[in-house]
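Model, not experiment: these values are computed from the prediction.
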Amino acid sequence: MRETRIDIDLHGSLAEIAAEDWDACACPESADGGRPDDPFTTHRFLLALERSGSVGPGTGWQPRHVTAKMDGETIACAPMYAKGHSQGEYIFDHSWAHAYERAGGRYYPKLQIAVPFTPATGRRLLTRPGLEEMGQSALVQGAVQLAAENRISSVHITFCTETEAEAGDEMGLMHRLSDQFHWLNRGYADFDAFLADLSSRKRKNIRKERKQAQEFGGEILSLTGDAIEPEHWDAFWRFYQDTGSRKWGSPYLTRAFFHEAQETLRDDILLVLAVRNGRYVAGALNFIGRETLYGRYWGCTEHHPCLHFELCYYQAIDYAITHGLSRVEAGAQGEHKLARGYLPSHCHSLHWIADEGFRRAVAEYLEAERAAVDNEIEVLTSYGPFRQERREEQE
């Protein structure tokens with residue numbers, strides 16, 4: 001019986017990999033022309049990051065994409081980057097880096113299997129259907145071997161699926177839990193049906209917020225596909241710059257990324273804009289998956305009461321209900337989302353650390369952290385806005 005040979009290759013750019021080979025692993029479910037489960041690991045999205053200069057030289061995100069081939073065919077791939085910092089990841093390991101370097105180690109560079117700047121759960125170890133076990137194992141072994149041979153401190157796989165987390169745990173990787181707030185569609189016919197699931201006080205509060213938001217003095221546009229035009233990106237770039245300068249110091253995405261989005265990603269995008277007196281004054285950028293709407297960015301040039309909640313959360317729920325999507329992921333952090341129907345959900349990541357002593361210390365920390373996250377989710381869910389009988393169903 002012939003021994004199966006799998007060849008591992010590294011690539012300094014996604015342009016080196018044919019889109020059909022990558023997407024056969026990243027989104028085989030869209031081969032019939034439908035939507036991918038999520039657009040973030042598609043060839044077009046990751047290539048847009050590179051072409052726009054959002055990742056690459058000078059950004060601290062240097063592409064080192066990994067592919068696994070068998071008999072000349074790509075059977076698995078992963079978006080991997082050599083990282084010179086821990087920015088734009090949303091699974092925070094700054095304390096690990098500081099501790100390791102105080103002890104005399106060199107934490108950076110590290111290897112990150114992730115979608116840059118995107119705290120959205122999805123497959124990270126991308127394989128052709130039916131080759132999951134073989135492909136995932138080859139990718140993990142390849143990344144770990146690369147790190148070990150080049151004295152790189154660690155490998156991190158962030159916002160992976162629960163299934164991948166279980167597989168990684170069996171392969172000896174360390175499993176980390178965190179949480180986000182997600183809205184779940186329970187077959188609602190319309191927004192009022194969703195509100196009927198809430199306690200009276202929370203229901204009244206959301207209606208009040210929506211009314212306040214609608215009184216900003218303009219109209220709200222929901223745009224996708226060819227309805228999105230370059231002028232809309234000019235407006236959104238202003239919003240994004242404002243938010244980025246306040247939250248991160250400088251925006252992660254370049255202006256060129258939004259040009260790439262117009263050219264190759266607009267069918268994956270829902271852009272919600274508020275227009276007042278002929279001017280765009282606020283906006284929210286969402287990406288559309290097969291079953292999920294992903295809220296990503298928000299910004300404004302004028303402040304109006306509750307407009308943020310309307311554009312980011314309530315318009316997203318409206319869209320999900322209208323289009324039969326099962327959930328809305330509203331991005332990282334934000335306990336204020338709880339009162340608006342977004343409940344805490346687990347997020348998963350996997351980690352490998354070369355130094356045995358440091359690995360042992362991190363493993364002990366992660367064990368305690370997992371218990372704390374589970375407890376936090378239980379407590380937060382109990383404070384959710386849903387009626388008592390609905391909370392009991394959720395438990």
Task: Pair His308-Trp298, ring-ring contact (aromatic ring centres under 6.0 Å, His included): steps then yes or no - done: CA-CA 8 Å; His308 171 228; Trp298 141 269; 4.8 Å; yes
- [ ] Scan side-chain atoms only and decide if His11 and Ser13 contain a donor-acceptor pair under the 3.5 Å cut-off.
- [x] no
Open item on the list: Please confirm whether the ring centroid of Phe236 lies under 6.0 Å from the ring centroid of Tyr280.
Closed with: no
TODO: To the nearest 0.5 Å, tell me how far Gln112 CD sits from Ser154 OG.
DONE: 8.0 Å
Open item on the list: Could you check whether atom CD of Glu231 has more than 12 heavy atoms from other residues, nucleotides or ligands sitting under 6.0 Å from it?
Closed with: yes
- [ ] Would you give the length of the straight line joining atom CZ of Phe159 to atom CZ of Phe40, rounded to the nearest 0.5 angstrom?
- [x] 11.5 Å
Open item on the list: So that I can tick it off, tell me whether Glu215 and Lys211 are bridged by a salt bridge, with the cut-off set at under 4.0 angstrom between side-chain N and carboxylate O.
Closed with: yes
Open item on the list: Connecting only ILVMFWY residues whose side-chain heavy atoms lie within less than 4.5 Å of each other, what is the rest of Leu184's hydrophobic cluster?
Closed with: none
Task: Glu302 vs Arg276, salt bridge (Lys or Arg N to Asp or Glu O under 4.0 Å): CA-CA, chis, key distance, verdict - done: CA-CA 10 Å; Glu302 295 180 6; Arg276 181 175 177 268; 3.2 Å; yes
Open item on the list: Taking the ring of Tyr107 and the ring of His98, is the distance between their centroids below 6.0 Å?
Closed with: no
- [ ] Report yes if the distance between the aromatic ring centroids of Tyr313 and His336 is under 6.0 Å, otherwise no.
- [x] yes
Task: salt bridge (Lys or Arg N to Asp or Glu O under 4.0 Å) partners of residues 145-154, not counting sequence neighbours, each pair once - done: none
- [ ] With sequence neighbours excluded, tell me which residues meet salt bridge (Lys or Arg N to Asp or Glu O under 4.0 Å) with Arg359.
- [x] none
Task: Salt-bridge present (Arg266, Asp226; N to O < 4.0 Å) - done: yes
Task: Path from Ile206 to Tyr319 over hydrophobic side-chain contacts below 4.5 Å - done: yes
Task: Arg255 with Asp234: basic N within carboxylate O range, under 4.0 Å - done: yes
Task: Residue pair Phe194, Trp183: steps toward the ring-ring contact (aromatic ring centres under 6.0 Å, His included) verdict - done: CA-CA 10 Å; Phe194 156 61; Trp183 179 84; 5.8 Å; yes
Task: Short N-O contact, Glu89 and Lys110, less than 4.0 angstrom - done: yes
Open item on the list: Can you list everything that forms a side chain to side chain donor-acceptor pair (under 3.5 Å) with Asn375? Sequence neighbours excluded, please.
Closed with: none
Task: Verify same cluster id: Val379, Leu177 (apolar side-chain graph, 4.5 Å) - done: no
TODO: Please determine, by modelled atom types, if Ser54 and Ser52 share a side-chain donor-acceptor pair under 3.5 angstrom.
DONE: yes
TODO: Decide whether a cation-pi geometry holds between Arg340 and Phe309; the criteria are a distance under 6.0 Å from NZ or CZ to the six-membered ring centre and an angle within 45° of the ring axis.
DONE: yes
Task: Ion pair check, Glu310 and Arg210, cut-off under 4.0 Å - done: yes
Task: Side-chain cluster (under 4.5 Å, hydrophobic types only) that Leu10 belongs to, other residues - done: Ile6, Ile8, Val66, Met70, Ile75, Met80, Leu111, Ile113, Leu125, Leu131, Met134, Leu139, Val140, Val144, Leu146, Ile152, Val155, Ile157, Met171, Leu173, Leu350, Trp352
TODO: List the steps and the verdict of side-chain hydrogen bond (donor to acceptor under 3.5 Å, both in side chains) for His43 and Asp21.
DONE: CA-CA 9 Å; His43 193 275; Asp21 290 340; over 6 Å; no
Open item on the list: I'd like to check the salt bridge (Lys or Arg N to Asp or Glu O under 4.0 Å) partners of Glu369; sequence neighbours left out, ordered by chain and number.
Closed with: Arg176
Task: Aromatic ring proximity Phe117/Trp61, centre distance under 6.0 Å - done: yes
